[in-house]
Amino acid sequence: MSGWFANIDWAEIGRATLETLAMLGGSMVLTILIGLPLGVVLFLTGPGQVWASRIGNGLVALVVNLLRSVPFIILLIVMIPITVLMVGTSLGVVGAIPPLVVGAAPFFARLVETSLREVDRNTVEAVQAMGATTRDLVLRALLPEAVPGIVAGATVTAVALVSFTAMAGVVGAGGLGDLAIRFGYQRFQTDVMLVTVALLLVLVQGIQMLGDALVRRFTRR
């Protein structure tokens with residue numbers, strides 16, 4: 001078996017792994033920075049909330065749903081001109097991050113909204129009764145109470161982003177997906193395909209374990 005894997009360029013595997021981690025890290029940070037406030041807005045403009053607005057909520061929800069409904073592989077291709085305009089290239093790690101964020105942020109926003117909806121209504125009403133501003137309500141009640149759910153949502157989003165980074169290899173984004181396509185598929189190197197799949201599985205499992213540990217830590221018992 002060791003001889004079968006002897007032809008693998010392990011330096012190339014290492015480079016591709018670092019590229020995948022860079023894409024995942026950069027896109028995840030931006031996804032949280034965009035998706036978290038977007039999810040809060042979705043919640044606050046919902047029925048019975050402090051910013052309740054049928055039109056406002058409908059417009060934000062429409063944008064979120066439209067972006068979520070586009071298959072990521074199509075989003076990658078459609079966004080090529082926009083990506084080039086934004087970052088100067090559609091290739092490599094830098095070129096992959098804009099579509100990754102656009103694909104993941106609406107998904108994360110919905111998970112944040114769901115977590116906020118699960119916050120005890122009595123807690124929200126008690127904070128409002130004390131004359132708290134909307135900012136205080138969000139920062140001192142809603143978000144702290146929803147942390148376990150938000151962390152769980154971030155974990156699910158990060159796992160989804162791993163699969164997105166693999167698909168990004170189709171358009172030359174680099175990373176393990178690109179390596180699997182160029183060597184595992186186009187050159188029929190099954191050993192390379194197996195190694196890349198194994199590394200992606202390890203990465204997903206590591207993310208899930210870390211997320212589960214953080215959820216347990218933040219959950220109030």
Side-chain angles (χ1 to χ4, degrees), residues 21 23-72 75 97-165 203-221:
L21 292 174
M23 282 189 283
L24 177 61
S27 60
M28 191 64 202
V29 169
L30 292 174
T31 293
I32 292 174
L33 290 176
I34 296 172
L36 183 60
L38 189 59
V40 171
V41 170
L42 277 170
F43 174 78
L44 292 179
T45 56
Q49 304 303 328
V50 292
W51 287 352
S53 171
R54 184 175 179 180
I55 296 177
N57 184 263
L59 289 175
V60 176
L62 177 63
V63 173
V64 168
N65 292 337
L66 285 175
L67 292 176
R68 288 178 60 201
S69 65
V70 180
F72 184 69
L75 184 66
I97 289 180
L100 286 171
V101 174
V102 171
F107 177 71
F108 180 59
R110 280 298 187 187
L111 295 177
V112 170
E113 181 193 17
T114 300
S115 298
L116 294 175
R117 285 180 178 176
E118 295 175 354
V119 174
D120 188 354
R121 184 67 185 176
N122 292 328
T123 301
V124 175
E125 291 176 350
V127 174
Q128 289 177 320
M130 291 187 291
T133 63
T134 302
R135 179 181 178 181
D136 290 334
L137 175 65
V138 172
L139 297 180
R140 298 184 181 181
L142 290 173
L143 290 181
E145 291 291 326
V147 164
I150 292 174
V151 171
T155 303
V156 173
T157 304
V159 170
L161 275 171
V162 172
S163 66
F164 288 174
T165 61
L203 180 57
V204 167
Q205 186 62 29
I207 291 171
Q208 191 63 58
M209 291 176 64
L210 176 61
D212 291 343
L214 290 174
V215 169
R216 288 193 298 268
R217 178 180 179 85
F218 289 115
T219 298
R220 297 179 180 179
R221 299 183 182 277

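Nothing fancy with the numbering, it's 1 onward along the sequence.
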Trainee: Can you tell me how far CD of Q49 sits from CG of L137, rounded to the nearest 0.5 angstrom?
Mentor: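 Between atom CG of L137 and atom CD of Q49 there are 8.5 Å.
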Trainee: Hey, is CD1 on I55 packed in by over 12 heavy atoms from elsewhere, all under 6.0 Å?
Mentor: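 No, the 6.0 Å shell around CD1 holds no more than 12 heavy atoms from other groups.
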Trainee: For residues R110 and N65, determine if any side-chain heavy atom of one lies less than 4.5 Å from a side-chain heavy atom of the other.
Mentor: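 A side-chain contact exists here, since the closest heavy-atom pair is under 4.5 Å.
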Trainee: What's the shortest heavy-atom distance between T219 and P148, and which atoms?
Mentor: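 Scanning both residues, the minimum pair turns out to be OG1-CB, 3.7 Å.
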Trainee: Evaluate side chain to side chain contact (heavy atoms under 4.5 Å, CB included) for L210 paired with I207, printing each intermediate quantity in order.
Mentor: CA-CA 5 Å; L210 176 61; I207 291 171; 5.9 Å; no
Trainee: Kindly check if the number of other-residue, nucleotide or ligand heavy atoms within 6.0 Å of CZ (R68) is above 12?
Mentor: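 Check passes, neighbour count above 12.
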Trainee: What are the two closest heavy atoms between A105 and I34, and how far apart are they?
Mentor: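 Shortest heavy-atom contact: CB-CG2, 4.0 Å.
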Trainee: In the structure I gave you, are the side-chain heavy atoms of V50 and Q128 within less than 4.5 Å of one another anywhere?
Mentor: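 V50 vs Q128: side chains touch.
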Trainee: Does the pair V156 and F108 meet the rule for a side chain to side chain contact (heavy atoms under 4.5 Å, CB included), with working shown?
Mentor: CA-CA 8 Å; V156 173; F108 180 59; over 6 Å; no
Trainee: Which atom pair, heavy atoms only, marks the closest approach of F164 to F72?
Mentor: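 Closest approach of F164 to F72, heavy atoms only: O-CE2, 3.3 Å.
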Trainee: At their closest point, which heavy atom of L24 faces which heavy atom of A158, and how far apart are they?
Mentor: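 Looking at all heavy atoms of both residues, the shortest contact is CD1-O, 3.7 Å.
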Trainee: Could you report the tightest heavy-atom contact between A52 and G48, atom names first, then the distance?
Mentor: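 Closest approach of A52 to G48: CB-N, 4.1 Å.
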Trainee: Flag the pair D136 / V127 as yes when at least one side-chain heavy-atom distance between them is below 4.5 Å, and no otherwise.
Mentor: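 In short, these two side chains do not touch, never coming nearer than 4.5 Å.
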Trainee: Given the rule in the side chain to side chain contact (heavy atoms under 4.5 Å, CB included) test, do L142 and L44 qualify, once you have shown the distances and angles that lead to the verdict?
Mentor: CA-CA 10 Å; L142 290 173; L44 292 179; 4.1 Å; yes
Trainee: Evaluate T45 against V60 for side chain to side chain contact (heavy atoms under 4.5 Å, CB included), listing each step before the verdict.
Mentor: CA-CA 9 Å; T45 56; V60 176; 5.5 Å; no
Trainee: Determine whether L143 and L116 make a side-chain contact, defined as any pair of heavy atoms from C-beta on separated by less than 4.5 Å.
Mentor: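 Yes, side chains in contact.
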Trainee: Quick one: pull up OG1 in T31 and CD1 in I97 and give me the separation to the nearest 0.5 Å.
Mentor: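 If I round to the nearest 0.5 Å, the distance is 9.5 Å.
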Trainee: For a 4.5 angstrom cut-off between non-hydrogen side-chain atoms, does L38 reach V112?
Mentor: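 No, their side chains stay 4.5 Å or more apart.
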Trainee: Could you report the tightest heavy-atom contact between A146 and V119, atom names first, then the distance?
Mentor: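 Closest heavy-atom pair between A146 and V119: CB-CG2, 3.9 Å.
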Trainee: Does any part of the side chain of T155, heavy atoms only, come nearer than 4.5 Å to the side chain of L214, both counted from C-beta?
Mentor: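 Contact flag for L214/T155 side chains = no.
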